[in-house]
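See structure below.
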Amino acid sequence: MASSGHGSGRQEAADRRLRLIAGHLHPRIAASECKAEAAESDPVRAKTVPKRRQEVMKWNGWGYSDSRFLFNKKGQAEFTGRRYRLGGLIFPSLKDWFESTFGANLQHKSPPTAALNSSAITPPNLNEPFLQDLKSMGIPHSLEAEDRVFRAHGHCLHEIFALREGRFGRLPDMVVWPNCHDDVVKIVELACQHNACLIPYGGGTSVSSALECPPDEMRSIVSLDTSQMNHILWIDEKNLTAHVEAGIVGQELERLLNESGFCTGHEPDSMEFSTLGGWVATRASGMKKNIYGNIEDLVVHIKMVTPRGVVEKSCQVPRMSTGPDIHHFIMGSEGTLGVVTEVTLKIRPLPEYQKYGSVVFPNFEQGVACLREVAKQRCAPASIRLMDNAQFQFGHALKPQVSSIFTSFLDGLKKFYITKFKGFDTHRLCVATLLFEGDREKVLQHEKQVYDIAAKFGGLAAGEDNGQRGYMLTFVIAYLRDLGMDYYVIGESFETSVPWDRVLDLCRNVKERITRECKERGVQFPPMSTCRVTQTYDAGACVYFYFAFNYRGLADPVHVYEQVEHAAREEILANGGSLSHHHGAPKPMSDTCETTNQIAAYIQSHGLLRPRFLHLVVHDGVVDAKATEDDERLCRKRR
Amino acid sequence: MLSRREDFRDILEERRTSSDLSHALKSFTRVSSRASPPCSVSTLNKTVLESQHLHYIMQEVSKDTGEPLEAIREEAAGILEEMSQNLQLGYIRFLGFILSKVFKRLFRKINVNEEGLQRLQQAMQESPVVLMPNHRSYVDFLVLSYLLFTYDLSIPVIAAGIPLMGMQLIGEILRRSGAFFIRRSIGTDKLYWAVLSEYVKTILRKDFAPVEFYVEGLRSRTLKSLPPKLGMMHMVLEPFFKGEVYDISLVPISISYDRVVEESLLAYEILGVPKPKETTMGLLKARKVMDEDYGNMHVCFGHPLSVRDLAKGKVNRKQYNLIPRDLPMKPSESIHAFANTTAHLVLRLQQDNMVLSPWSLMATILMQNLGGINLKLLTKQTVWLKWLVLDFGALVDWPVQVADSEVMSSGLSLHHSVVRCEGDQVLLAEQKPQRGAAPEEAVFRRAVAVLMCASYRNQALHVLASPAMLSVALSLAAASSRADIYNLYAFLREMFYNEFIFIPDRTGQDFEEACSLLQKCGTVQIINQNIMVTDKGLSVTSFLTAAVEPFIDAYQVIFRYICSRSVQEFTEKQFISGIRTFTLNLILTGEVKSYDVLSSETQKNALASLVRLNALTKKKREEQTYFSPNKAAIGRTADILGKKNSKIMCRLGRNSSCCVTEAPVMPVEQDSPAPITFIS
């Protein structure tokens with residue numbers, strides 16, 4: 001997979017990125033144009049996510065409508081569509097893995113309800129004055145059931161499960177599509193004026209229930225869809241920054257910057273669908289943070305519209321020492337404080353060279369020790385991830401059919417070398433996947449350094465192919481979940497941040513807890529309970545868990561799932577981990593974490609410290625337009 | 001609680017019919033919770049020495065003492081070398097062969113509950129296991145390893161006192177059979193503590209082998225449970241709290257003897273004659289004990305306790321998140337309370353699964369008739385007591401299809417060292433003092449005989465303790481109101497907390513249980529918040545009261561003694577020698593009839609109780625502990641207890657402990673052996 005040559009390297013890297021992500025959506029021009037005031041030149045326009053997202057994306061599952069896993073008539077797994085490299089490929093070992101891991105059976109299907117039945121949906125609770133004023137401003141909106149359903153959920157298991165069963169909770173009453181920052185200002189003002197409730201909606205990939213409408217909300221709920229705000233307003237080549245509208249989708253942002261020879265390097269696993277504003281609102285983390293940093297390192301400037309006005313800094317500087325950084329108040333607020341409309345981000349020239357790699361370790365302990373050493377020497381590649389044995393098996397099951405006898409012969413030889421010659425136990429070994437980026441010479445040097453460290457911990461280089469497939473897994477996992485749900489298997493991922501010395505214990509205990517809790521709650525077959533270390537830091541690591549099980553015979557599988565996940569999170573906390581590293585605070589556990597919101601409300605309620613410039617008011621996951629009048633009452637409630 | 005129906009199986013039966021050699025050489029595969037292969041002893045020791053925790057402590061010690069780190073490290077290595085076990089299957093086989101021979105000679109049967117072993121096997125597959133047997137005899141030490149070997153379960157490593165190591169050859173054999181040796185008084189030796197705790201924790205973390213230790217800290221000379229020592233308890237719990245293992249199973253194990261091999265030494269030790277030093281020669285000399293018959297032994301493996309389950313809602317493990325886990329951390333109050341409660345719970349479960357012999361029931365009756373009792377009456381009362389303790393939920397090894405009289409005579413003959421029969425009368429077997437010996441000598445001999453018998457009574461005492469406390473409370477209470485009785489019960493429970501081992505913070509529950517036990521056997525009626533003894537029940541309550549009366553009397557003497565002294569403070573040593581002289585005089589004058597007061601165990605328990613009740617203040621100065629009494633408080637306590645005697649007597653019109661006292665003061669050795677203390 002390594003590209004070669006100095007000149008063509010950049011172009012090839014860009015192409016590769018495109019292939020990897022491969023999102024080709026219908027271009028659509030927004031109804032009304034809105035000149036961004038900051039932009040002198042014509043802003044660079046991204047391919048717009050259509051207003052009617054359901055035309056290209058699933059309304060009750062992950063991703064594009066044409067891309068999905070299925071078991072074909074021969075019982076072989078295949079991936080449909082042409083968007084991904086995997087499109088049209090057959091995965092011969094997935095079925096066996098699926099059946100043996102979950103005790104599932106292809107005869108036992110649990111298909112979703114076929115189509116969205118609009119008549120089953122409660123009509124919107126409209127705020128007429130708001131609607132009238134909105135119409136007079138010419139801001140596009142929709143009251144259609146399908147649009148409302150699409151924006152009533154994120155991608156938590158319970159949300160998707162309910163959709164598949166055709167159950168809908170409280171929905172937004174209408175959807176609005178602002179075209180620019182000023183539109184958002186107007187909408188927020190209107191909402192304040194007419195006492196409506198706003199929920200900002202970006203990519204809809206939330207897994208923290210932040211998009212769920214409060215069922216007891218009596219006011220009209222307006223979903224503010226940022227998808228039409230997707231321009232790169234300007235690129236500053238001298239300071240290497242770009243000013244971008246917050247509704248831009250990750251893959252489009254990268255594609256457009258790549259065209260100008262730049263990148264942000266921010267690649268969360270959801271980047272095909274998640275938006276810049278969403279990243280800021282959830283404190284996102286990208287796979288290549290070792291080179292580019294997490295969102296908090298990338299952001300230079302944020303513009304946010306709140307019920308009390310617009311929040312922004314007066315300059316675009318690398319660092320300030322004028323009180324607490326307001327950015328850190330915004331990042332992670334998950335839409336509770338306002339709507340992020342524009343962001344200035346650091347950009348980097350496109351890397352010349354990119355190379356995947358992988359290392360096999362005899363066991364997880366050795367692998368973690370190696371990652372720790374890599375972090376200690378501060379020589380982590382752009383990405384380094386360590387999969388445990390179960391995930392290694394999982395990744396293996398996703399190996400596409402090999403066409404040539406020669407490749408399969410080579411595979412056999414490799415396996416023989418690792419298990420027989422080197423004495424690795426196939427039930428204990430684990431794999432680290434690597435991604436190097438930079439100029440060619442440095443990459444090769446870097447690669448050697450990392451492989452040398454790995455060798456000290458018994459690691460054997462296992463090729464680029466394994467590495468790349470490892471990353472593929474993270475992009476298709478959400479599609480795989482949909483496949484599982486067709487056959488009585490439900491699952492989800494969650495993640496944590498943990499100090500180095502507790503990584504091993506936390507991984508073992510959490511996996512064990514999941515297995516035992518499932519058993520206690522009557523899950524018939526042992527669950528899949530697996531983890532990987534996905535990020536390394538000086539003081540600790542990020543660990544990502546997949547947890548899935550076969551729910552046949554359970555009356556309320558989602559409830560069981562939630563109980564087990566709750567127990568797993570409890571275990572994480574008891575083992576010194578955090579509730580989240582980048583997904584955001586899970587709703588049911590929010591009580592246990594002191595969010596900024598609570599601190600803000602607490603401080604305000606005592607009247608000790610009144611923010612001098614801003615008066616921030618918060619409400620669970622919702623910008624609360626009414627609260628300006630009675631924030632004291634709200635604060636009391638919070639306490 | 002164990003299901004009362006569990007079957008015991010005699011493992012010696014098979015040994016008597018098949019070859020001991022092939023038993024010793026049988027194939028053996030160990031089960032473990034870990035997927036990885038077990039590490040070697042040397043890797044284990046290396047891990048301990050290289051641990052971050054030990055490193056911190058060594059640095060600290062080096063800073064404190066000014067000695068170079070290298071020297072400290074060597075010292076630590078030395079400590080570890082002295083301590084560490086060197087478990088080798090070959091030695092287990094060798095020992096297995098010898099033990100087969102020895103056990104067959106000593107015991108008629110070794111009965112084991114096989115269901116318990118199956119549960120143990122299950123537990124071993126799931127998490128590291130801590131075996132927590134009671135400790136009544138040196139035999140305990142090896143019998144578990146022998147059993148686990150026989151049943152193909154992992155051989156444990158065992159915490160042992162260092163004197164055992166001193167035995168030539170034997171020490172080394174024990175070490176290779178899995179014993180690791182702990183110094184007796186560690187005190188404040190930081191480095192030693194660090195090595196020991198790291199050693200124990202590493203064994204658990206690696207699931208190297210099950211860890212076996214005696215939560216009572218040492219062999220109980222009284223055959224009663226001793227208050228738990230928490231040092232080791234903390235060590236085995238911590239790996240769970242810190243998340244280093246998913247869970248830990250604590251397995252209470254109850255070992256009951258019909259007759260304890262070292263019975264003759266017990267009374268002497270209790271009376272303050274130091275126990276003989278453990279030597280190989282001593283062991284060889286002691287081989288004449290091999291000629292005696294020690295009846296049956298019962299080993300009952302209780303239900304494994306999951307520490308995770310026990311800690312649920314009681315311990316917040318997040319408290320360990322804010323300090324690097326390798327740094328030594330003083331246990332928080334909640335952790336301490338948890339360790340304490342857990343240790344007490346294990347003791348309680350050990351007690352629950354003890355198998356009572358007919359003899360210990362006889363001894364209980366004999367203790368109330370120290371002047372001698374007619375055999376027929378003894379039989380009648382023993383059988384009556386059997387039904388009572390069965391009602392109370394005890395396990396009794398009473399042979400079925402054998403006449404009661406035969407059970408009695410078998411028990412009496414097995415214990416010819418304690419009792420003798422003169423015609424129809426059953427009397428304590430007492431060595432007659434030589435002519436011309438001081439009168440103290442006679443008291444001493446009498447005390448030896450009584451306390452030996454008392455030890456066997458003590459084997460059954462835990463079944464009676466709580467209902468007995470309730471009976472005493474009923475007799476002390478001015479009215480029959482439940483609240484009054486509860487208060488008195490709670491007071492008595494506090495008073496005899498160390499004597500009878502109650503689980504902390506469970507007064508209410510224990511009270512309810514005691515009430516329902518007495519109600520079930522028709523002893524009390526509970527009507528409208530009043531608890532009343534029924535006419536029929538009077539015999540039960542008076543019996544129960546009499547069973548614990550020696551202790552009440554003993555405490556009264558001790559209170560009197562402390563109040564009579566003019567000094568402001570005293571050390572434990574001064575107290576023990578003082579109380580002895582004081583008591584001897586009282587016994588000689590016939591004023592006191594309880595011999596339990598001569599027991600150094602009772603004396604120490606009483607002191608501890610007074611400290612608990614804030615009637616004594618404990619101070620530490622210059623490595624010495626001083627007690628200063630609050631006489632008023634002690635006086636009040638004595639008054640509450642004192643009301644009893646008069647009342648009981650007027651109600652029952654009989655003096656239940658009629659013992660003969662004839663001779664005055666005896667000379668007694670003062671230093672009793674220092675116990676292993678795990679908590680400094």
Side-chain angles (χ1 to χ4, degrees), chain A residues 361-367 369 372 388-390 423-430 458 496-517 519-520 526 529 531 539-540 543 566-579 589 591-594, chain B residues 32-39 43 47 50-53 55-56 122-123 125-128 201-202 204-207 237-249 304 306-329 332 334-335 338:
Chain A
F361 292 98
N363 55 48
F364 193 64
E365 289 79 1
Q366 296 278 77
R372 205 278 162 268
D388 70 358
N389 184 267
F424 284 21
D425 178 351
T426 36
H427 295 289
R428 302 195 67 221
L429 63 79
C430 72
T496 182
S497 193
V498 57
W500 277 116
D501 67 328
R502 294 169 203 242
V503 170
L504 282 177
D505 292 331
L506 183 136
C507 290
R508 180 194 55 237
N509 292 347
V510 171
K511 288 196 280 186
E512 183 74 34
R513 178 83 181 257
I514 288 172
T515 309
R516 296 201 188 192
E517 292 278 342
K519 197 171 166 191
E520 272 169 37
S529 168
C531 71
V543 180
H566 190 274
R569 299 227 191 237
E570 209 177 71
E571 193 62 32
I572 286 176
L573 294 179
N575 282 275
S578 66
L579 267 187
M589 296 293 280
D591 296 346
T592 45
C593 86
E594 284 274 280
Chain B
S32 154
S33 66
R34 284 183 75 91
S36 53
C39 70
T43 324
T47 314
E50 286 170 1
S51 70
Q52 192 69 38
H53 174 241
H55 183 67
Y56 278 126
Q122 185 66 30
Q125 281 160 5
E126 282 168 10
S127 50
K201 287 186 237 170
T202 308
L204 285 169
R205 280 183 213 128
K206 290 190 165 272
D207 199 8
L237 293 177
E238 211 186 74
F240 166 71
F241 293 143
K242 289 193 171 176
E244 293 162 339
V245 294
Y246 181 77
D247 197 0
I248 289 174
S249 294
S306 150
V307 174
R308 181 175 272 269
D309 288 350
L310 292 176
K312 209 170 181 180
K314 300 212 176 76
V315 174
N316 180 356
R317 287 186 284 152
K318 278 179 262 182
Q319 62 187 285
Y320 289 94
N321 289 352
L322 298 179
I323 293 178
R325 65 205 323 210
D326 298 315
L327 277 187
M329 185 173 156
S332 68
S334 67
I335 297 282
F338 177 75

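In what follows, every chain begins at residue 1, and chains take the letters A, B, ... in the order their sequences are listed.
A:Arg502 approaches B:Ile323 most closely through the heavy-atom pair NH2-O, 3.1 Å. Across all their heavy atoms, A:Asn509 and B:Val245 have their closest contact at OD1-C, 3.8 Å.
Residue B:Asn321 holds its CG atom at 8.0 Å from CG of A:Asn575, rounded to the nearest 0.5 Å. The distance from atom CD1 of A:Ile572 to atom NZ of B:Lys318, rounded to the nearest 0.5 Å, is 12.0 Å.
In this structure, the portions of A:Arg513 lying under 4.5 Å from any heavy atom of chain B include both its backbone and its side chain.
The pair A:Glu571-B:Arg308 meets the salt-bridge criterion, with a side-chain N (NZ, NE, NH1 or NH2) lying under 4.0 Å from an Asp/Glu carboxylate O. For the pair B:Lys242 and A:Asp505, the salt-bridge criterion is not met [side-chain N within less than 4.0 Å of a carboxylate O].
Every residue two or more places apart in sequence or in another chain that forms a side-chain contact (heavy atoms from CB on, under 4.5 Å) with B:Ser249 is listed here: B:Ala123, B:Ser127, B:Val129, B:Pro304.
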